[in-house]
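The structure under discussion appears below in the form of structure tokens.
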Amino acid sequence: PPSYTSKMLSFGLLLFFFVSFVWPTVRPVGSSLSLCVPRVFILNATVLETTRSLSHGGSLRLPLAEVRKQAEASLEVGPFSVTDKARPPPSGDRHDYQSIGPYWWPNPETPSGRPYVWLDGQVNPDRHSLE
């Protein structure tokens with residue numbers, strides 16, 4: 001049998017659904033409103049409803065279709081991995097994270113370039129080449 005916690009969670013989700021989706025669309029009987037303005041607390045309800053009506057059949061329909069097309073195409077890209085790097089970090093392990101601070105440069109006095117040295121005001125261009 002379902003536990004008390006799962007019952008309360010189910011009740012909470014049902015209440016959230018009702019308050020979010022059903023209640024805002026209920027209009028008083030005899031209401032002469034042409035738009036059903038949702039009940040919201042932070043957003044401007046009139047602007048929200050106007051935008052929704054424009055996206056369903058008005059001037060925003062084409063831009064919305066383009067955004068949806070780009071979003072669908074984005075779903076086909078990837079998967080991405082932290083090991084997909086142009087070059088491995090100095091440790092040699094592609095799983096390691098590497099970040100180069102803007103003013104840190106390889107040490108010219110050591111063959112490995114480590115430890116990095118601080119050159120104030122000189123930005124290391126290699127910091128943007130890490131992928």
For a quick test of reading the model, state the closest non-hydrogen atom pair linking Arg94 to Pro88 and the distance between them. NH2-CD, 3.7 Å
Glu109 atom CD, over 12 foreign heavy atoms within 6.0 Å: no
Do any side-chain atoms of residues 114-124 form donor-acceptor pairs under 3.5 angstrom with protein atoms, and if so which ones, sequence neighbours left out?
residue, atom, partner, partner atom, Å
Asn124, OD1, Asp126, N, 2.9
Asn124, ND2, Trp104, O, 2.8

When every non-hydrogen atom of Phe80 is compared with those of Val77, the smallest separation belongs to CZ-CG1, 3.4 Å
